[in-house]
Amino acid sequence: MRFPLLASATALLLTAAACSNTAPTVMTGTGGSTGAGGSDTGGSPGTGGTTGSGGTTGNGGTTGNGGTTGNGGTTGSGGTTGTGGSAASGGTTGTGGSTASGGTTGTGGAASGGRTGTGGSSTGGSTGTGGGAAGAGGRGTGGGAGGAGGAVDLTTVAASFDGQLLQFPCGATHSGYDCDNVSCTGGTVTHTTTYPIKGTTGAIYSMTFNVRGIVEAYAYVGGTRAAGTASVSQRATNGGLFCAGGTQEPSGSGNDYNTYELDVSPAVAGETNVYYLNSVISSENPHTSSATQHLTFDINYNATIKVTGGGTLTFKTYDSNCKQVQNCGPTQGSQCQAPRTVSLAGVTPPAPSFTQPFQMPTGAYGQWLFFDVTDVTAL
């Protein structure tokens, strides 16, 4: 948008040259000795002095403004005051050059990260276009926006959640496929862990994470399963057992199995803000279906949700009968035959060390979850 200024200055220079056939009256320049083509105060028309005030034509022209318009002069397009060059606009070491830290006008130098004018280098970031042609009086376009200093790793926004291992041990007694849940009071228990979300307060971030572990199943009411109507046997594909939205089963319909839930606060507009990690279709309700009843399953899938900067992400599991299902794997009879394991290789940060299968001193096998945040994007 500033090229017309450059064109106008050039036109004016040509006009002045065309209108002057005789040597102009020598005026007092702003610095230097006199003489043809000399330092500042005299000499050939408009040729400028060697140390003129930042201009290629010096101030020894007809009006002492560096020849035609002096727009290559006092603020030379490479330095803040034209003091950085020998005579050319945008001198050799213009102050918008090597140490420019983000000039607002980028007059030949670089706004933070802009390309230098005709001299010096900027401190990084995208390159500007430099100043106008030397002595043309043009003004640089200001360079690019300030350099960001490298890519920002936004996974730190969810650093408190990333790499978390949650273990759900069996209590003192176990029988068959089941074991006591711990810390039960009045026949129910809710285990809750809250993770603060960093970043800009109120900003919305899209967070992708991988979830692995051993869990029992639950048929939630409503919501949207990532796997649609796929069976639990297809949990390795199609989004695993992830469900957005929905609610727990009413009493007596399967709510005696344990929930695995993530809640986002403050709520993100247009989102469910409630997510479940062990969802199965209603026909596989563990209260009634042999496909899931008294069984646990290995999971390893990715999910994406939106979270709020400065807010929280809360995990909770609810049990209505103080029992949880052991990690028995495929079963025969009423005994655990082959407890499952899930590889945690390659996760970042590395998973805490623990022995799989997760077994209690009593011999019972508990459940567990591990969260690995793989990407966070500002929206």
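Just so it is clear, the values below take in all heavy atoms, side chains as well, and ignore hydrogens, waters and symmetry mates. We number each residue from 1, following the sequence as shown. Here the structure is a predicted model, which is why all the values come from computation and not from measurement.
Put simply, the side chain of Leu154 does not reach to within 4.5 Å of the side chain of Thr377, judged on heavy atoms. Looking at heavy atoms from C-beta onward, Val211 lies in side-chain contact with Tyr301 at the 4.5 angstrom threshold. At a threshold of 4.5 Å between non-hydrogen side-chain atoms, the residues Tyr257 and Gln293 count as touching. Between Thr314 and Thr192 there is a side-chain heavy-atom pair separated by less than 4.5 Å. Between Thr317 and Asp319 there is no side-chain heavy-atom pair separated by less than 4.5 Å. Side-chain contact between Phe315 and Leu369: present, with at least one pair of heavy atoms (C-beta onward) separated by less than 4.5 Å. Two residues are said to be in side-chain contact when any heavy atoms from C-beta on lie closer than 4.5 Å; Glu249 and Asn285 meet this criterion. With a 4.5 Å cut-off on side-chain heavy atoms, Thr173 and Thr362 do not count as touching.
When hydrophobic clusters are built by joining Ile, Leu, Val, Met, Phe, Trp and Tyr residues whose side-chain heavy atoms come closer than 4.5 Å, directly or via intermediates, Val157 is grouped together with Ile204. When the side chains of ILVMFWY residues are joined at heavy-atom separations under 4.5 Å, either directly or via intervening members, Val264 and Val373 end up in a single hydrophobic cluster. In the hydrophobic cluster analysis, where Ile, Leu, Val, Met, Phe, Trp and Tyr join through side-chain heavy atoms closer than 4.5 angstrom, Leu262 is grouped apart from Leu165. Ile214 and Val325 sit in two unconnected hydrophobic clusters of ILVMFWY residues. Membership requires side-chain heavy atoms under 4.5 Å apart, directly or through other members. Hydrophobic clustering keeps Val232 apart from Val342 (ILVMFWY residues linked when any side-chain heavy atoms are closer than 4.5 Å, directly or through intermediates).
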**OP:** Go through the steps for Glu216 and Gln324 under the test side chain to side chain donor-acceptor pair (under 3.5 Å), then give the verdict.
**Re:** CA-CA 8 Å; Glu216 59 190 83; Gln324 76 171 5; over 6 Å; no

**OP:** Show the numbers, then the answer: is there a side chain to side chain contact (heavy atoms under 4.5 Å, CB included) between Asp298 and Asn300?
**Re:** CA-CA 7 Å; Asp298 56 315; Asn300 183 350; over 6 Å; no

Original post:
Can you list the steps and then say if Tyr220 with Asn278 is a side chain to side chain donor-acceptor pair (under 3.5 Å)?
Top reply: CA-CA 9 Å; Tyr220 299 94; Asn278 62 335; 2.5 Å; yes

**OP:** Run the numbers on Thr208 and Thr304 for side chain to side chain donor-acceptor pair (under 3.5 Å), then give the verdict.
**Re:** CA-CA 4 Å; Thr208 299; Thr304 300; 2.8 Å; yes

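In this structure, CE in Met360 is found 10.0 Å from OH in Tyr365, a value given to the nearest 0.5 Å. Arg235 contributes atom CZ, which lies 9.5 Å from atom CD1 of Ile299 (distance to the nearest 0.5 angstrom). If you take SG on Cys170 and CD on Gln326, they are separated by 5.0 Å, rounding to the nearest 0.5 Å. Atoms SG and NE2, on Cys336 and His174 in that order, are 7.5 Å from each other to the nearest 0.5 Å. In this structure, CD on Gln356 lies 8.0 Å from OG on Ser343, to the nearest 0.5 angstrom. We find the CG-SG distance between Asn258 and Cys322 to be 9.5 Å, quoted to the nearest 0.5 Å.
For the pair Pro286 and Thr292, the tightest heavy-atom approach, listed with the atom from each and the gap, is CA-OG1, 3.0 Å. Closest of all the heavy-atom pairs between Leu166 and Tyr195 is CD2-OH, 3.4 Å. Across all their heavy atoms, Arg340 and Gly329 have their closest contact at NH1-CA, 3.4 Å. Pro196 and Ser160 make their closest contact through O-OG, 2.7 Å (heavy atoms, listed as atom of the first residue, atom of the second, distance). Across all their heavy atoms, Trp368 and Arg212 have their closest contact at CZ3-O, 3.8 Å. When all heavy atoms of Thr155 and Asp153 are compared, the pair lying nearest together is OG1-OD1, 2.5 Å.
No donor-acceptor pair under 3.5 Å is formed between the side chain of Thr190 and the backbone N or O of Tyr318. Remark: side-chain polar atoms of Asp162 are not paired, donor with acceptor, to backbone N or O of Asp372 under 3.5 angstrom. The backbone N or O of Thr259 lies less than 3.5 Å from no partner atom in the side chain of Gln248, so there is not a single donor-acceptor pair. Side-chain atoms of Thr272 never come within 3.5 Å of backbone atoms of Ala244 as a donor-acceptor pair (strictly under, hydrogens ignored). The backbone N or O of Phe371 sits nowhere less than 3.5 Å from a side-chain atom of Gln164 that would complete a donor-acceptor pair. Between the side chain of Glu261 and the main chain of Val274, no donor-acceptor pair closer than 3.5 Å is present.
The only option from Ser231, Ser279, Ser290 that meets the side chain to side chain donor-acceptor pair (under 3.5 Å) definition with Glu284 turns out to be Ser231. Each of Thr312, Leu313, Ile197 was scored for a side chain to side chain contact (heavy atoms under 4.5 Å, CB included) with Ser265, with one residue passing: Thr312. Paired with Tyr205 under the rule side chain to side chain contact (heavy atoms under 4.5 Å, CB included), one option of Leu379, Val376, Val268 passes, and it is Val376.
Note: Phe161 and Phe209 meet the aromatic proximity criterion, with ring centroids under 6.0 Å apart. Aromatic ring centres of Phe370 and Phe354 lie farther apart than the 6.0 Å criterion allows.
Under 4.0 Å is where a charged nitrogen must lie from a carboxylate oxygen, and between Lys316 and Asp263 at least one such pair does. Ionic pairing of Lys323 and Asp178 is not present here: no N-O contact between side-chain nitrogen and carboxylate oxygen is shorter than 4.0 angstrom.
Below 30°, between 30° and 60°, or above 60°: for Tyr260 and Phe168 the angle between ring planes is above 60°, a perpendicular geometry.
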